[in-house]
Amino acid sequence: MKSLSWLITGLFLYGIAVAMLVKGSLGLAPWNALASGLVEITGVSFGAMTSLIGLAVLLLWIPLRQKPGIGTVLNVVLVGASAELGLRVLSQPTDLLAQVALFSTGLLLLAAATGIYIAPGLGPGPRDGLMTGLHERTGAPVWLCRGGVEITVLAIGWLLGGLVGVGTVAEALLIGPMVHRTLPFFRAAYAGRPVIADAAEAETRAGA
């Protein structure tokens with residue numbers, strides 16, 4: 001029950017964070033920028049394209065020896081629903097300062113939500129599973145895996161004509177280091193161990 005509550009809470013907050021980033025209007029997140037670029041080429045709806053990208057990413061799990069779990073399934077179901085709720089509830093900022101504040105808060109929430117829903121070990125979402133799979137198979141730091149994937153996706157999305165802005169670049173550069181902190185932090189908290197400020201040490205103790 002504890003693990004499921006952590007999972008659902010994390011996924012719900014993840015969707016709210018996505019809505020905050022969208023409402024911030026400073027540029028789409030890398031994966032969404034990729035989706036928007038593919039939409040321009042194919043004419044497929046944005047929602048359908050997002051799902052198709054998720055399925056394609058799952059295929060990349062095979063060589064990384066990642067296995068989907070209930071978290072993977074609920075990711076598809078809950079994140080989109082909570083994001084839609086957030087988009088309906090949140091107001092659109094009318095000035096740049098408010099946009100920056102909303103975007104920054106959304107980015108912090110996104111990093112925290114990622115750590116919360118992955119901590120129980122019930123299976124990451126397609127995109128985060130790619131990050132953790134690369135980390136486990138290559139031994140590279142989480143921040144490097146996440147940052148490398150986000151920057152690559154961003155570049156492809158931009159080349160395809162996706163909606164890219166300063167916020168897109170900020171997320172691509174910052175989300176990796178932020179998750180590098182939040183993931184071991186929430187893994188330790190979930191396991192009932194003392195939360196260690198040093199992310200590298202916490203990650204090692206958490207067996208990440």
Could you pull out all residues at least two apart from E150 that satisfy side chain to side chain donor-acceptor pair (under 3.5 Å)? R146
For E40, what residues pass the side chain to side chain donor-acceptor pair (under 3.5 Å) criterion, not counting sequence neighbours?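 In terms of side chain to side chain donor-acceptor pair (under 3.5 Å), with neighbours along the sequence ignored, E40 is linked to no residue.
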Considering only heavy atoms from C-beta outward, does the side chain of [X] approach that of [Y] to under 4.5 Å?
X    : Y    : value
L4   : L74  : yes
V153 : R127 : no
L85  : F12  : yes
R181 : W143 : no
I41  : L160 : yes
Q99  : L26  : yes
I151 : P30  : no

[atom1] of [X] to [atom2] of [Y]: how many Å apart, nearest 0.5 Å?
X    : Y    : atom1 : atom2 : answer
L52  : L38  : CG    : CG    : 9.5 Å
M178 : L107 : CE    : CG    : 4.0 Å
Y117 : T9   : OH    : OG1   : 14.0 Å
I118 : Y14  : CD1   : OH    : 8.5 Å
L102 : K23  : CG    : NZ    : 9.5 Å
T114 : L13  : OG1   : CG    : 10.5 Å

Which atom of [X] lies closest to which atom of [Y], heavy atoms considered:
X    : Y    : value
L7   : P120 : N-CG, 4.1 Å
W6   : F186 : CZ3-O, 3.7 Å
T152 : G148 : OG1-O, 2.8 Å
A140 : H135 : O-ND1, 2.7 Å
G106 : A17  : O-CB, 3.5 Å

Would a single hydrophobic cluster contain both [Y] and [X], if residues Ile, Leu, Val, Met, Phe, Trp and Tyr are joined by side-chain heavy-atom contacts under 4.5 Å?
X    : Y    : value
V142 : L174 : yes
L159 : V39  : no
I116 : I16  : yes
W158 : L163 : no
V164 : V22  : no

Mind listing the side-chain donor-acceptor pairs of residues 57-70 below 3.5 Å, one per line with the distance, residues two or more places apart or on another chain?
residue	atom	partner	partner atom	Å
W61	NE1	P126	O	3.0
Q66	NE2	E136	OE1	3.0

For the pair T168 (side chain) and G165 (backbone), establish whether a donor and an acceptor sit closer than 3.5 Å, ignoring hydrogens and angles.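 Pair found, side chain donor or acceptor close to backbone of G165.
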